[in-house]
S.K.: 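Pasting a structure below so you can have a look.
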There are 2 protein chains.
Amino acid sequence: MPSAEAEIAGRTAMSHFSDTGTGPSVAERQAAVSLGELEHVAGLALRLAQLAVFERLFACLELGEMRLSELTVLHAVSRNPDIRQGVLADLLEIKWPNMTKLVRSLEKGGLIERHVPPDDRRSVALRATPEGVRRADAFVGTLKAGDREALAMLDDEEYARLLELCRKIAGRGAGA
Amino acid sequence: MPSAEAEIAGRTAMSHFSDTGTGPSVAERQAAVSLGELEHVAGLALRLAQLAVFERLFACLELGEMRLSELTVLHAVSRNPDIRQGVLADLLEIKWPNMTKLVRSLEKGGLIERHVPPDDRRSVALRATPEGVRRADAFVGTLKAGDREALAMLDDEEYARLLELCRKIAGRGAGA
DNA sequence: TCGGGATTGTTTACTAGAAAACAATTTCTG
DNA sequence: CAGAAATTGTTTTCTAGTAAACAATCCCGA
């Protein structure tokens, strides 16, 4: 059975981009090509939109050494001190095994610390270091700007509506 | 440099799902957790929404042996006879090397045929076999139903708006 | 017409993420 | 209280997808 994870449109919780794909001027010689009915399947459209946005986002972002996933996790930790690792993983739709690697990497970089709370010694609580907090703060501005830039084809009303709809879909209608 | 492909939210053009992730009742013990400002970054929201939709979609879908990527490609081929492989790849945001594998797999399954057009012997033109067309047709209904089901939290107006916005983002505002 | 460059597709190597098995702890139940 | 079951996280293994190098064909200009 195929794993639902890697099917139609990338599934990882955090991915790069870049397009090694031999140049973008291919469709020009075969016009009038479309997906037919699939063009109107919202799930696929969502996927294609997400890919397009991330492509543009990565173009604007200049992440340096860090990956977007790491920065996102770091930020979430900095805003939720002592958050447990599993909670964080579920929040960001990152699989637990991958979160382990990610967190270990951030710890090695001195950006977060891992504690084992005495009341539940199975779990791991995360906390950002001062340096981690600084990085997370610096990251937010860049990301917000890049995000808006990547969605420049939308006006403010459309942008707001998109956000609202996405949050509703992800089950975050009003939370925080 | 990290590859923009696999960063924040899966990037493949087509992925499965499933959640091996140790059960979904983790956040219940740590309430009041949120992504902070990141909660209002549309790119990330788009990503999380896409993940949620695909998860639900795969739950409804029952794909059997085939993968969603294969069915999508098959459908596109069946609606665009003699489409060139590269055009198809760009259309679905699938990297060329992956499209090669995908197409070869469909060919081996007897669902499509590959031709080398005489006027450009570098390229490969694809065409669905009768069996391929039948499969593609059968697939559309299932997918549409599953898609609507996966987005059941949206009413019709919201669904339509989402589709419109996504198509605009992906640069398919009015095409076909 | 011929030779450099671009386009199209494939092969190979690598990486990120998913799945499954595992260990440690806690909780529930008899 | 003892043991079964569930929760939490980690390790290992595997797959899907990306990147980079390659081969073949086509195009364009001298």
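Every chain is numbered from 1, with letters handed out A, B, ... down the list of sequences. Computation of the quantities below employed the complete heavy-atom set of this structure, encompassing side-chain atoms and omitting hydrogens, waters and symmetry-equivalent molecules.
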S.K.: In this structure, how many angstroms lie between the P atom of D/dG9 and the CG atom of A/D90, rounded?
M.R.: 9 Å
S.K.: Quick one: the side chain of A/R122 and the base of D/dT7, do they pair up donor-acceptor inside 3.5 Å?
M.R.: yes
S.K.: Salt bridge check, A/R161 against B/E157: does any charged N sit closer than 4.0 Å to a carboxylate O?
M.R.: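 Looking at A/R161 together with B/E157, the answer is yes, because their closest N to O distance falls below 4.0 Å.
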S.K.: Can you find a side chain N or O atom of B/R104 that sits less than 4.0 Å from OP1 or OP2 on C/dT10?
M.R.: yes
S.K.: Could you check B/D156 against B/R148 for salt bridge (Lys or Arg N to Asp or Glu O under 4.0 Å), going step by step and ending with a plain yes or no?
M.R.: CA-CA 9 Å; B/D156 287 345; B/R148 196 64 188 85; 2.9 Å; yes
S.K.: Is the shortest side-chain N to carboxylate O distance from B/R134 to B/E131 below 4.0 Å?
M.R.: yes
S.K.: Does OP1 or OP2 of D/dT8 have a side-chain N or O of A/S123 closer than 4.0 Å?
M.R.: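 Checking A/S123 against D/dT8: no side-chain N or O falls below 4.0 Å of OP1 or OP2.
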S.K.: Does D/dC26 have its OP1 or OP2 closer than 4.0 Å to a side-chain nitrogen or oxygen of B/R121?
M.R.: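 Yes, such a contact exists.
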S.K.: If I take atom CZ in residue B/R67 and atom P in nucleotide C/dA18, what distance separates them, rounded to the nearest angstrom?
M.R.: 15 Å
S.K.: Identify whether B/L154 and B/L163 are in the same connected component of the hydrophobic contact network (ILVMFWY, side-chain heavy atoms under 4.5 Å).
M.R.: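 B/L154 does not cluster with B/L163.
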S.K.: For B/P117 and A/K101, find the nucleotide of DNA chain D closest to each by heavy atoms; which residue's nucleotide sits nearer the 5' end?
M.R.: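 Taking each residue's closest nucleotide, the earlier one in sequence belongs to A/K101.
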S.K.: Between A/K95 (NZ) and D/dT8 (C1'), how many Å, whole number?
M.R.: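 Those two atoms, NZ and C1', are 16 Å apart.
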S.K.: Do the side-chain N or O atoms of A/N98 get closer than 4.0 angstrom to the phosphate oxygens (OP1, OP2) of C/dA18?
M.R.: yes
